[in-house]
J.: 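Here it is: the structure, laid out below.
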Amino acid sequence: MPLSSVLRDQWIRAKYERREFTGESDHPQREYDSDILESILWKKGKDKKAFLKRTFQLSRKEFTLRYFVREDSKVPKAVIYMKDLNVAFQPEKIGHNHGLQIFYLQGEHTRNLFVYHESGKDATERGAIFIGTENHSYSVTGFSPGKRGPSRWNWGITMRTPVREFIFLCEHEQDQQEWLEALREVISRPMTRQDYATRYIKQRITEVPYRAEEITIPADVIPERVPTLIVDYSEAEQTDEQLFQEISKANVICIVYSVSDKRSIEKVTSYWIPLITVHTDKYNRVPLILVGNKSDLPGNCSMETSLAIMNQHRDIETCVECSAKNLKNISELFFYAQKAVLHPSGPLYCPKKKYMTSLCVQALTRIFKVSDLDNDGILNDDQLNSFQRTCFNSPLSPKALDDMKNVVRRNIRDAVLGDGLTLKGFLFLNMLFIQRGRHETTWTILRRFGYEDDLGLHRDYLLPELKVPPDATTELNHDAYLFLQGIFDKHDKDHDSALSPEELKDLFSVFPYIPWGPDVSNTVCTNDRGWITYQGYLSQWTLTAYLDVDGCLESLGYLGYSILFAQESQAAGITVTRDKKIDIKKRQTQRSVFLCNVFGDFQSGKSGFLQAFLGRNLRSQRKIPKEHRSDYAISTTYVYGQEKYLLLHKMFPGDCDLSDAYPACDIVCLLYDVGNPFSFKYCAKVYQQYLDSKTPCMIIATKSDLPVVRQLYSCTPMEFCRKHKMPPPQFFSCNTVTPRRQAIYTKLVTVAMYPYVSQAKWNNFCLCASVGAAVLAVLGFALHRVLVKPWCSSAGLLSGHRSL
Ligand SMILES: Nc1ncnc2c1ncn2[C@@H]1O[C@H](COP(=O)(O)OP(=O)(O)OP(=O)(O)O)[C@@H](O)[C@H]1O
């Protein structure tokens, strides 16, 4: 557009749109004749937060922009020559509709001023094109009417830059010629140093975007099969809020500085690292990569500087120099970034100590112990091979095995013993992997054994999902018993079929805590030294699986069940039984654990009843310290030749609503002390108030060796049983000369297994189950045959009917 047209246009707009020069508007007319245009802009302070009022002046004469801190200041804070200056509208970044970023060159550096004006003038920038010289592949040509299709404006200009072609249309041929002339003059002029700098800034606007588009490197290009999303950040285009959000989302952050700009590396420690620290979780640090860009330029920041920074900041995973211009080390940079996320060195290695972190040593020690199947402190060739298969899906060749042992042997003493690797050797080998930058090898081992990035065991590894419906129970399956038997054998070093305190401690050395307290010795069978027997050990696992399946899964995880038995998860070792109602309907059960709740008034002999099941008489019970007492007792009995677990649970009197407070059990025992006249009343109360007719119930008369006294209740225990169609009270005493297991417990399991058998036939039924167990197992005895036999008393149960 010729100058005359511009002036005419502006004159019409001023006079008729803005009503200037008419006396109708208070528009400051002096703007047109004054040399200086002054305005108040809000400028972002150095702290990057608050906007402060500043006076800005544009001087036509000096061709400068200057600003003042105070209105009455004489000395400007900065004077910027227009030739060095550029602006971009930044409403989003500045957070104001009329936000503007002013950037200008000062020496070698670009400075930024972030400002906004309270009332904008609706101007929007559409872009800018830098015009370089012919030598730099810039050209301009005109074209005549019709060349570019029908248009109202026929005369055109094609402006070519190295990156794209721009087409402009003019109304008249004369306009076209004037523009062509002006543009050719610029293009033919050699570029000054200043022009180069300006081009850099302008290219950032038009050619190199402020911010690269988000790029996703697809999952299938790396062995770990995870996609990589690369997100760029530009201070010029994005707000601090966006930066903070991206930081908090990132798995790895590359801090880029210029090797030719010392101040940019200083900013890494003074600005970027503190900023990232504030905006990331302190318990879950994000790995950082220090990237020295522009390695094609002569640098004044040496690699030593970045290494020193790396040594000071644990989160810096690695540093790398690259050149985005000639693409040197760019793919390496992203490889390191991926590696920093997938195989971070921070949790594994402490550069200061030049040794593995204590958490890493702990984890590898556990892995060694789990893999040392015979617990001799050495991974022999077989064990090393199965370890190798577990972690890397293939065994080592004999030569590779030998080479590996030789490397370790050469470097450290006591690392190889006989033909195997000691714990010391195993730790050394891993340290070697880490020191040689092969973190992924150690991470593969750690991850295979359930560890996650913080070197804790993964929740999914320890607590896999297991659905247990309300009327189902949880038991260990055959596989899990086999595994636990193996663990027992591995730790029973003296082969006495019991675990001494040291052996037990060693067994739990792969746990972060000892899961069994001293009460366990009074929950399961022990030998005469009080050590948990093989049977007792399996019983305790059975109890854990039944009462605390999550705890059991966790323990299986620590012991390495799913890894050593090549199972998908620890849950593979657990059987969830079917709904008990189906068992009753089908008149058969596959369960092997039955729960019996034991009620009785204070001092009625409940503990005695539990302990006697573990083969302890009154005398041995009295030796149990109070703090070691247990509310549970579990052991096995045989019913029709099948081994079943009976879990006795002592209930406390005083619990107000027993039916709500305790889970459904398979059978209930109501205990009363034959020597205490007030004892039976409690049993009658529990029976009437809390028991449903569906759960089998048995009344047990304890301390039967003591003189029997009359119970102070409306009826005798015998009459009570008859009235409620229960078998008569069963006499019991734990005050025996020698400790012995009594038949009452088999009877309880039998009744628990067949709750639908009428109570009147119990004694008959139970006698056959216990006395004939072995024979019946061989003959494959059928249940219905038992039911028709006449009632007979169980030999081991009672000393006879007493007068009740
Ligand atoms: N056959 C017996 N002869 C004599 N005393 C016995 C006999 N059986 C148990 N006792 C004693 O009776 C007391 C109570 O027994 P026990 O601790 O088993 O009852 P409890 O119901 O578990 O008690 P609490 O309700 O207080 O927990 C104990 O002092 C025990 O030694």
Side-chain angles (χ1 to χ4, degrees), residues 517-526 530 543 595-635 646-658 661-662 665 667-687 689-691 697-713 717 729-745 747-748 794 796-804:
D519 59 324
V520 172
S521 316
N522 299 306
T523 307
V524 298
C525 294
T526 55
L543 173 143
L595 175 66
C596 171
N597 283 346
V598 179
F599 293 89
D601 207 351
F602 294 105
Q603 298 284 293
S604 55
K606 299 179 291 295
S607 294
F609 186 68
L610 264 68
Q611 289 302 313
F613 182 40
L614 306 175
R616 290 169 197 154
N617 63 9
L618 193 59
R619 202 154 57 91
S620 53
Q621 286 174 31
R622 285 190 168 137
K623 291 181 196 154
I624 300 172
K626 210 173 171 187
E627 63 277 14
H628 291 185
R629 282 182 200 162
S630 171
D631 298 331
Y632 287 95
I634 181 166
S635 187
L646 174 63
L647 174 56
L648 298 172
H649 180 200
K650 175 177 160 176
M651 313 295 284
F652 283 86
D655 288 328
C656 46
D657 189 351
L658 295 165
Y662 296 99
C665 60
I667 185 164
V668 165
C669 282
L670 300 176
L671 267 59
Y672 76 94
D673 174 354
V674 296
N676 177 355
F678 306 101
S679 190
F680 182 72
K681 200 177 161 191
Y682 178 78
C683 297
K685 186 181 128 191
V686 170
Y687 185 87
Q689 289 188 0
Y690 306 120
L691 295 184
C697 176
M698 206 173 263
I699 290 184
I700 295 178
T702 61
K703 309 184 191 178
S704 62
D705 55 308
L706 297 179
V708 177
V709 297
R710 187 179 173 75
Q711 291 296 321
L712 293 175
Y713 187 66
Q730 314 288 303
F731 280 86
F732 168 86
S733 174
C734 59
N735 192 7
T736 50
V737 181
T738 51
R740 63 186 164 89
R741 172 72 74 79
Q742 303 181 31
I744 179 82
Y745 304 105
K747 190 170 184 174
L748 290 178
S794 167
L797 256 186
L798 312 175
S799 49
H801 277 264
R802 287 165 174 257
S803 135
L804 300 168

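Note that the structure is predicted; figures quoted are calculated from it, not measured. Both backbone and side-chain heavy atoms feed into the values below; hydrogens, waters and symmetry mates do not. All ligand and atom numbering here is 1-based and tracks the order in the structure.
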J.: Within a distance under 4.0 Å of any heavy atom of Phe602, pick out the atoms of ligand 1 and give their elements.
T.: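 Within the 4.0 Å cut-off of Phe602, ligand 1 contributes 25 (O).
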
J.: Taking 4.0 Å as the limit for heavy-atom contacts, which would you say applies to Leu618 with ligand 1: side chain only, backbone only, both, or neither?
T.: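 The side chain, only.
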
J.: Can you confirm if the aromatic rings of Tyr713 and Tyr682 lie within a centre distance of less than 6.0 Å?
T.: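 Ring-ring flag for Tyr682/Tyr713: false, centres at least 6.0 Å apart.
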
J.: One residue to check: Ser607. Relative to ligand 1, which of side chain, backbone, both or neither has a non-hydrogen atom less than 4.0 Å away?
T.: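 The answer is both.
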
J.: Counting N and O atoms only, with roles assigned by atom type, does the side chain of Thr702 sit under 3.5 Å from a partner on the main chain of Leu671, one being a donor and the other an acceptor?
T.: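 Side chain of Thr702 to backbone of Leu671: no pair is present.
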
J.: If we ignore hydrogens and angles and just use 3.5 Å, is the side chain of Asn617 paired with the main-chain N or O of Val737 as donor and acceptor?
T.: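 Answer holds: yes.
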
J.: Consider every N or O of Gln603 and every N or O of ligand 1, then say whether any pair is closer than 3.5 Å.
T.: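 By distance alone, the answer is yes.
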
J.: Tell me which one of Phe599, Phe680, Phe678 satisfies side chain to side chain contact (heavy atoms under 4.5 Å, CB included) with Tyr672.
T.: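 The residue from Phe599, Phe680, Phe678 that satisfies side chain to side chain contact (heavy atoms under 4.5 Å, CB included) with Tyr672 turns out to be Phe680.
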
J.: Just which atoms of ligand 1 are under 4.0 Å from any heavy atom in Asp705?
T.: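 That gives atoms 1 (N), 2 (C), 3 (N) of ligand 1.
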
J.: Are any side-chain N or O atoms of Lys650 and backbone N or O atoms of Lys606, one a donor and one an acceptor, separated by less than 3.5 Å?
T.: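 Not a single qualifying donor-acceptor pair exists.
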
J.: Can you classify the ring geometry of His649 versus Tyr632 as parallel (below 30°), tilted (30 to 60°) or perpendicular (above 60°)?
T.: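 Parallel, since the angle between the ring planes stays under 30°.
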
J.: Which protein heavy atom lies closest to atom 27 (O) of ligand 1, and at what distance to 0.1 Å?
T.: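 Checking every protein heavy atom, the shortest distance to atom 27 (O) of ligand 1 gives Lys650 NZ, 2.7 Å.
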
J.: Give me the nearest non-hydrogen protein atom to atom 12 (O) of ligand 1 as residue plus atom name, then the distance to 0.1 Å.
T.: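 For atom 12 (O) of ligand 1, the nearest protein heavy atom is Lys703 NZ, 2.9 Å.
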
J.: Which ligand 1 atoms does Gly608 reach within 4.0 Å, using its non-hydrogen atoms?
T.: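 That gives atoms 18 (O) of ligand 1.
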
J.: Could you tell me which residues satisfy side-chain hydrogen bond (donor to acceptor under 3.5 Å, both in side chains) with Ser521, sequence neighbours excluded, listed by chain and number?
T.: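 Counting only residues at least two positions away or on another chain, Ser521 forms no side-chain hydrogen bond (donor to acceptor under 3.5 Å, both in side chains).
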
J.: Could a heavy atom of Cys734 be found less than 4.0 Å from some atom of ligand 1?
T.: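 Yes.
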
J.: Considering residues at least two apart in sequence or located in another chain, which fulfil the salt bridge (charged side-chain N to carboxylate O under 4.0 Å, His left out) criterion with Lys703?
T.: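 Expected list: Asp673.
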
J.: Could you find the nearest protein heavy atom to atom 25 (O) of ligand 1 and give me its residue, atom name and distance?
T.: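 Going atom by atom, the protein heavy atom closest to atom 25 (O) of ligand 1 ends up being Lys606 NZ, 2.8 Å.
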
J.: Any side-chain donor paired with an acceptor under 3.5 Å for Ser607 and Arg616?
T.: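 Their side chains do not contain a donor-acceptor pair, so the 3.5 Å distance test is not met.
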
J.: Side chain, backbone, both or neither: which applies to Gln611 and ligand 1 if a contact is any heavy-atom pair less than 4.0 Å apart?
T.: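 Contact part for Gln611 vs ligand 1: neither.
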
J.: At under 4.0 Å between heavy atoms, which part of Arg622 makes contact with ligand 1: side chain, backbone, both or neither?
T.: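 Side chain only; the backbone of Arg622 stays clear of ligand 1.
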
J.: Show me which atoms of ligand 1 lie under 4.0 Å from any heavy atom of Ser733.
T.: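 What qualifies from ligand 1 is 1 (N).
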
J.: Around atom 15 (O) of ligand 1, find the nearest protein heavy atom and jot down its residue, atom name and distance.
T.: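 Here the closest protein heavy atom is Gly605 CA, 3.8 Å.
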
